[in-house]
Amino acid sequence: MILDKYLTLSNRKSFTVSSLVIWVSAFVMGVLASIPKILRLNISFGEVAIDLLIAFSFSLFVWYYNLLDRRVSHIYQINKLRQFMTKD
C-alpha cells in the first residue's frame, strides 16, 4: 500500500513533555490557586496546605489525562484510517 509507511506509529513524531515540567507546573498552579487563601489574614497553615494539595492534584490529573487522551486518540485515528484505506 502506498500510504502504509505514513500510517505506522514509528514514523510519527509525538509531542513529549518531561515529567519535571509536569510536576513543577502542577505545583505552581496549586500555589497560584491558593493565593486568595494565603492573602486572608486569619488562615491556618493546614487550610492553605489542603487547598494547595487539591489544586496540585487536579492540575496533575489534567496534565496526565490530556497526554493520555492525545496518545489514545492518535492511535484510534491511525487505525480508523487504516480500515478506511483497506476497505476496498
Side-chain angles (χ1 to χ4, degrees):
M1 172 178 261
I2 296 171
L3 294 176
D4 199 32
K5 68 177 182 177
Y6 298 110
L7 296 178
T8 60
L9 290 175
S10 61
N11 290 341
R12 303 296 247 171
K13 292 182 180 172
S14 63
F15 179 73
T16 58
V17 179
S18 73
S19 54
L20 178 67
V21 169
I22 292 173
W23 284 83
V24 168
S25 69
F27 179 75
V28 169
M29 288 302 293
V31 169
L32 288 175
S34 300
I35 285 178
K37 282 220 176 194
I38 294 170
L39 293 178
R40 286 191 356 199
L41 293 178
N42 298 329
I43 189 83
S44 67
F45 177 74
E47 271 187 88
V48 173
I50 290 172
D51 193 45
L52 188 133
L53 184 65
I54 290 170
F56 169 74
S57 301
F58 179 75
S59 297
L60 204 59
F61 168 75
V62 169
W63 259 112
Y64 281 112
Y65 178 78
N66 284 331
L67 290 177
L68 178 66
D69 185 49
R70 178 184 304 261
R71 187 176 307 144
V72 169
S73 77
H74 177 69
I75 292 170
Y76 176 75
Q77 289 171 356
I78 287 176
N79 288 337
K80 288 298 268 186
L81 186 59
R82 239 187 226 142
Q83 287 175 357
F84 177 75
M85 298 302 281
T86 59
K87 201 177 205 179
D88 298 336

Original post:
Is F56 reachable from V21 through a run of hydrophobic residues whose side-chain heavy atoms are each under 4.5 Å from the next?
Top reply: yes
**OP:** Spell out, yes or no, whether V28 and L39 are grouped together once hydrophobic residues are joined by side-chain heavy atoms under 4.5 Å, including indirect joins.
**Re:** yes
**OP:** Assign the ring pair F58 / F61 to parallel, tilted or perpendicular, where the plane angle (0 to 90°) is split at 30° and 60°.
**Re:** tilted
**OP:** Measure the spacing between CD of E47 and OG of S44 and express it to the nearest 0.5 Å.
**Re:** 4.5 Å
Original post:
Measuring from L52:CG to I38:CD1, what's the distance to the nearest 0.5 Å?
Top reply: 7.0 Å
Subject >> Smallest separation among heavy atoms of S34 and G30, with atom names >> reply: OG-O, 2.9 Å
Subject >> Connected via hydrophobic side-chain network under 4.5 Å: I22 and V31 >> reply: yes
Subject >> Heavy-atom closest pair, residues A55 and M29 >> reply: CB-O, 4.5 Å
Subject >> Interatomic distance, L20 atom CG to S25 atom OG [nearest 0.5 angstrom] >> reply: 9.5 Å
Original post:
Applying the 4.5 Å side-chain criterion to the ILVMFWY set and letting contacts propagate, would I54 and L32 be lumped into a single cluster?
Top reply: no
Original post:
Should the pair Y64 and W23 be assigned to parallel (<30°), tilted (30 to 60°) or perpendicular (>60°) ring geometry?
Top reply: perpendicular
